[in-house]
Amino acid sequence: MIFPDKPDDPTRRVLKANGFRWSPWRGAWQRHLNESGRYAAQRVLKTISGANAA
């Protein structure tokens, strides 16, 4: 996942809790692309979009 700026602390916690790790080389938060990774990405997006809407 790529963000325009550094994500805030709660967003980074959600990413880390769902298995994402920061890749300085790619400039993105990433994890293995498999069914679990896809599910985790959906969960992260749902969580952070709900947090930003509040």
Side-chain angles (χ1 to χ4, degrees):
M1 295 186 176
I2 298 174
F3 295 86
D5 297 310
K6 181 178 179 179
D8 57 10
D9 286 337
T11 300
R12 290 196 312 269
R13 279 194 293 274
V14 169
L15 287 162
K16 290 177 183 180
N18 284 280
F20 286 85
R21 296 294 172 246
W22 174 246
S23 171
W25 186 78
R26 295 199 185 270
W29 288 87
Q30 62 184 27
R31 72 171 273 168
H32 288 282
L33 183 59
N34 54 27
E35 286 303 313
S36 295
R38 288 182 180 95
Y39 182 75
Q42 291 174 346
R43 192 170 48 239
V44 167
L45 290 173
K46 183 177 179 182
T47 302
I48 64 176
S49 65
N52 293 334

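Not measured: the values here are computed from a predicted model. Heavy-atom basis, side chains included; hydrogens, waters and symmetry copies ignored.
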Verdict with supporting geometry, R21 and K16, side-chain contact (heavy atoms from CB on, under 4.5 Å)
CA-CA 6 Å; R21 296 294 172 246; K16 290 177 183 180; 3.5 Å; yes

Quick one: closest heavy-atom pair of R31 and A40, and the distance?
NH1-CB, 3.3 Å

Point-to-point distance, once rounded to the nearest 0.5 Å, from CE of M1 to CG of N18:
8.5 Å

Hydrophobic cluster membership, F20 vs L45, 4.5 Å side-chain cutoff
yes

dist Q30:CD -> I2:CD1 (nearest 0.5 Å) comes out at 9.5 Å

Check this for me: F3, atom CZ, are more than 12 non-hydrogen atoms of other residues, nucleotides or ligands nearer than 6.0 Å?
yes

Beyond-backbone contact of W29 with R12, side-chain heavy atoms, under 4.5 angstrom:
yes

